[in-house]
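Just below is one structure, and these are the notes that go with it.
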Amino acid sequence: MTLNTQTFYELMRAQGTSRRSFLKFCSLTAAALGLEPAYANSIAYAMETKPRLPVLWMHGLECTCCSESFIRSGNPLSSDVILKMISLDYDDTLMAAAGEQAEAILDEIPKKYPGEYILAVEGNPPLNEDGMYCIVGGQPFVEKLKAVAANAKAVIAWGACASWGCVQAARPNPTNAVPIDKVITDKPIIKVPGCPPIAEVMTGVISYILTFNKLPELDSRGRPVMFYGQRIHDKCYRRPHFDAGEFVQSWDDEGARAGYCLYKMGCKGPTTYNACSTIRWNGGVSFPIQAGHGCIGCSEDNFWDNGPFYKRLSYVGAGLGVEATADEIGLIGAAAAGAGVAVHAGLSAVKQYNRKKPEPPVAPKGDQS
Amino acid sequence: MDAQVTPPPEVTAPVYVYELPVRLWHWITALAITMLAITGFLIGNPAWPLITGEPYNHYIMGDIRFIHFTAGYVLAIGMLVRIYWAFAGNTYAREIFIPHVWKREWRSSFFRTIRWYLLIEPETAKEVGHNPLAQLAMFTMFLLGVLFQIVTGFALYGEGTGPGSWANIVFSSWVIPAFSSSQDVHTWHHLGMWYLVIFVMIHVYMAIREDIMSRQTIISTMINGWRFFKDNRP
């Protein structure tokens with residue numbers, strides 16, 4: 001833990017990085033965060049003066065796709081983040097220590113740096129059977145999570161699991177898996193949803209916290225506005241085809257080959273808040289829509305229950321075993337109403353015809369005023 | 001003519017029920033809902049076949065969405081004016097907002113109307129405004145349905161206009177989380193449309209049927225404002 005007193009800059013210089021390269025790194029980080037160039041100085045200042053940020057990275061019910069994404073960050077490089085900017089003291093996937101040595105760190109850090117460390121959570125806790133569906137180091141994950149969160153400065157919810165619940169919380173959610181904000185209620189939580197989140201978004205969030213010593217601006221649902229302020233649809237490079245009404249009708253048709261809008265193929269870009277259409281993936285190489293497949297909405301709450309992936313309208317009533325969209329259900333309802341109207345109209349016509357026959361009209365019952 | 005009881009004059013004399021703002025609002029809203037349903041269905045199901053060529057040559061989806069948003073504003077502003085008129089207008093202007101379900105005579109009249117629609121009752125009461133069943137349908141199907149569509153509709157609209165826009169601040173910021181995701185709001189907005197389509201079907205049918213079979217004018221009342229009664233009996 002002695003490394004924690006060393007600053008990022010000192011560490012970089014010790015490793016032979018020139019000051020020029022260091023400043024370049026700060027400028028690139030500022031650009032990745034969407035900040036104006038002047039902020040490069042703030043980042044440089046923070047890296048020169050602030051001790052590295054202790055981070056504990058816990059794993060609950062998850063698939064490790066968040067970690068897989070994170071280690072592929074191109075700018076800043078995840079190796080820079082892990083080894084230099086932060087002090088990643090616990091991450092059971094990446095750390096060298098194992099067993100009791102590793103678990104001891106989870107007790108040690110909160111005591112040593114109370115209120116100073118960041119807790120990053122990948123995955124979520126199941127609550128049924130007292131949390132027995134997820135045991136880490138012989139203890140239910142939910143209990144460990146609460147204990148480690150108690151002294152944290154802030155909590156980062158990595159991915160759709162920690163933010164919303166994701167696949168293990170999809171219907172019928174047999175283990176009662178819940179997003180972490182259901183069990184950690186007294187700490188600032190920053191949600192970084194996605195399945196997985198974009199690598200540069202993950203490292204960008206950490207860089208921001210380190211640089212400014214505060215959480216980035218969050219929206220009403222706890223997501224950083226700088227990355228989740230707009231829908232994929234809003235900045236999609238295929239958006240002109242959407243407005244024109246040029247839609248792919250089937251896979252591999254002329255429109256698909258020409259790169260038209262995938263709206264009718266079920267693209268969830270119009271309902272998904274994420275930065276895929278701007279930052280893109282794998283160092284900005286591509287993203288699903290660019291590869292010709294619609295967005296599945298993986299950074300949205302409930303996205304597993306809002307299928308199918310290849311239809312524009314979601315199925316309603318999956319819990320009842322019904323597979324029908326709102327429009328299909330609506331058409332059935334309207335048809336039933338139409339049939340009801342027709343039958344009633346027929347019966348009414350008969351009544352009206354019979355009513356006209358008797359000469360003295362039937363006296364009203366007279367119970368009304 | 002040969003009625004035994006002399007009818008009270010206020011029952012048989014024509015009554016000015018729907019004032020001009022209410023009638024104008026009715027027909028503007030009818031047009032707006034028609035446009036909204038057609039364009040809304042097309043936004044969810046762009047049914048046309050493949051269109052090719054440079055996107056700057058077409059603006060089909062853009063035009064459909066523009067009509068939808070404009071008609072949405074017309075519907076919402078109309079509803080605001082109509083709510084104002086519930087306070088400013090005559091007693092019949094308040095009927096669809098507050099059905100008097102707590103009153104005994106309202107309930108007995110309500111069940112009589114149900115018997116009338118079930119073809120059991122030989123004749124309806126004379127209704128100056130809406131009959132109780134119609135009041136309830138106006139409240140639960142029309143009013144709640146339209147308000148639901150306005151709230152969810154502007155929440156979806158605010159997603160497009162972005163953070164900081166009025167629709168985003170007033171509606172999107174809490175409606176989207178309340179439904180858990182934008183896609184869920186879309187689904188409910190579609191179901192809301194069908195709810196209103198079913199309302200319109202029943203509403204139009206009932207207006208025509210009652211115009212023929214009840215004891216007062218219905219359709220012409222929404223044109224000239226006056227309720228005429230067809231007989232002199234009480």
Output, in order, the C-alpha distance, side-chain angles, deciding distance and verdict of ring-ring contact (aromatic ring centres under 6.0 Å, His included) for H189(B) and Y195(B). CA-CA 10 Å; H189(B) 195 63; Y195(B) 190 66; over 10 Å; no
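Contact of Y273(A) with chain B is made through the side chain alone, with heavy-atom distances under 4.5 Å. The contact between D184(B) and chain A is made by backbone and side chain atoms together, counting heavy-atom distances below 4.5 Å. Only the side chain of R231(A) has a heavy atom closer than 4.5 Å to any heavy atom of chain B. Of the atoms belonging to H233(A), not a single heavy atom falls under 4.5 Å from chain B. Within the 4.5 angstrom heavy-atom criterion, only side-chain atoms of S220(A), from C-beta onward, approach chain B. At a 4.5 Å heavy-atom cutoff, L196(B) makes no contact with chain A through either its backbone or its side chain. Interface remark: Y117(B) contributes backbone and side-chain atoms alike to the contact with chain A (heavy atom separation under 4.5 Å). For a residue to count as touching a neighbouring chain, one of its non-hydrogen atoms must lie under 4.5 Å from one of that chain's; by this rule N302(A) touches chain B with the side chain only. For I212(B), the parts lying under 4.5 angstrom from a heavy atom of chain A are both the backbone and the side chain. For A258(A), no part lies under 4.5 angstrom from a heavy atom of chain B.
Ranked by heavy-atom pairs shorter than 4.5 Å toward chain B, the options L347(A), T325(A), V248(A) are led by L347(A). Ranked by non-hydrogen atom pairs under 4.5 Å with chain B, the options K351(A), R312(A), H241(A) are led by K351(A). Chain A forms the most heavy-atom pairs under 4.5 Å with one residue out of M213(B), H190(B), H58(B), M201(B), and that residue is M213(B). Contacts with chain A were tallied for S182(B), S180(B), P49(B); S180(B) has the most, counting heavy-atom pairs under 4.5 Å. Ranked by heavy-atom pairs under 4.5 Å with chain B, the first of D253(A), V350(A), L331(A), D243(A) is D243(A). No other option in R65(B), M206(B), E159(B) has as many heavy-atom pairs under 4.5 Å with chain A as E159(B). Interface check for chain B: of the options D301(A), V225(A), I329(A), D219(A), the most heavy-atom pairs under 4.5 Å are formed by D301(A). Ranking I202(B), N45(B), V197(B) against chain A, the residue ahead of the rest is N45(B), based on heavy-atom pairs under 4.5 Å. Between chain B and the options G333(A), A345(A), A337(A), heavy-atom pairs under 4.5 Å are most frequent for A345(A).
Using a distance-only test at 3.5 Å, with no hydrogens or angles considered, a donor-acceptor pair links the side chain of T217(B) to the main chain of F228(B). Side-chain atoms of R238(A) come within 3.5 Å of backbone N or O of Y260(A) as a donor-acceptor pair. At least one donor-acceptor pair closer than 3.5 Å links the side chain of T187(B) to the backbone N or O of Q183(B). With hydrogens and angles disregarded, a donor-acceptor distance shorter than 3.5 Å links the side chain of S165(B) to the backbone of G162(B). Without hydrogens or angle criteria, K268(A) side chain to G266(A) main chain gives a donor-acceptor distance under 3.5 Å. Put simply, the side chain of W174(B) gets close to the backbone of V170(B): a donor and an acceptor are under 3.5 Å apart.
Q135(B) and H130(B) share no donor-acceptor pair across their side chains, judged by distance under 3.5 Å alone.
The shortest heavy-atom contact between A244(A) and P55(B) is CB-O, 3.5 Å. Scanning all heavy atoms of the two residues, the minimum distance from G129(B) to R227(B) falls at O-NH2, 3.2 Å.
Annotation: cation-pi pair R209(B)/W116(B) present, NZ/CZ under 6.0 Å from the ring centroid and within 45° of its normal.
Checked against the 6.0 Å centroid threshold, Y157(B) and Y73(B) count as a close aromatic pair.
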